[in-house]
Amino acid sequence: MRRRLRFTLLVIASQMLLIALAIAWLIHMVLIALNGSLYFVENNPYILWAEILAAVLITILAIIVLIMQLKRLGERRRSDDPTS
């Protein structure tokens, strides 16, 4: 039960991050459409590296969830009928 709950929470977190990424990308594209281009500079190096680190962590989480989901696809469950 605990393993299933942990996996469910991980999938929910992954999906929430995916939705947040999609919203950020949408805002980015809308700003480009309205202004023709988008240029910005992050003057604070700590914020810049925190954003880079967050993007890397989100990517790693997404890869881990994908691998876990692929493994679960191959698992046999008790409800599976071996005769069919």
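The CE atom of Met68 sits 10.5 Å away from atom OG of Ser14, with the distance rounded to the nearest 0.5 Å. Remark: Leu31 CG to Ser37 OG distance equals 10.5 Å, nearest 0.5 Å.
Residues passing the side chain to side chain contact (heavy atoms under 4.5 Å, CB included) test with Ile63, sequence neighbours excluded: Thr59, Ile67. For Leu18, the side chain to side chain contact (heavy atoms under 4.5 Å, CB included) partners at least two apart in sequence or on another chain are Gln15. Every side chain to side chain contact (heavy atoms under 4.5 Å, CB included) that Ile19 has, sequence neighbours left out, goes to Ile23.
The other residues sharing a hydrophobic cluster with Leu26 are Val30, Leu34, where clustering joins ILVMFWY side chains under 4.5 Å apart. Under a 4.5 Å side-chain heavy-atom criterion applied to ILVMFWY residues, the cluster that includes Leu57 comprises Leu53 as well. Membership of the apolar cluster around Ile12 extends to Met16, as traced through chained side-chain contacts below 4.5 Å between ILVMFWY residues.
Cluster annotation: Leu21 is not connected to Ile60 through the hydrophobic network of ILVMFWY side chains, with a link wherever side-chain heavy atoms come within less than 4.5 Å.
For residues 46-65, the set of pairs meeting the ring-ring contact (aromatic ring centres under 6.0 Å, His included) definition, not counting sequence neighbours, is empty. Sorted by first and then second residue, the ring-ring contact (aromatic ring centres under 6.0 Å, His included) pairs involving residues 11-33 (not counting sequence neighbours) are Trp25-His28.
Two residues are said to be in side-chain contact when any heavy atoms from C-beta on lie closer than 4.5 Å; Arg6 and Leu10 fail this criterion.
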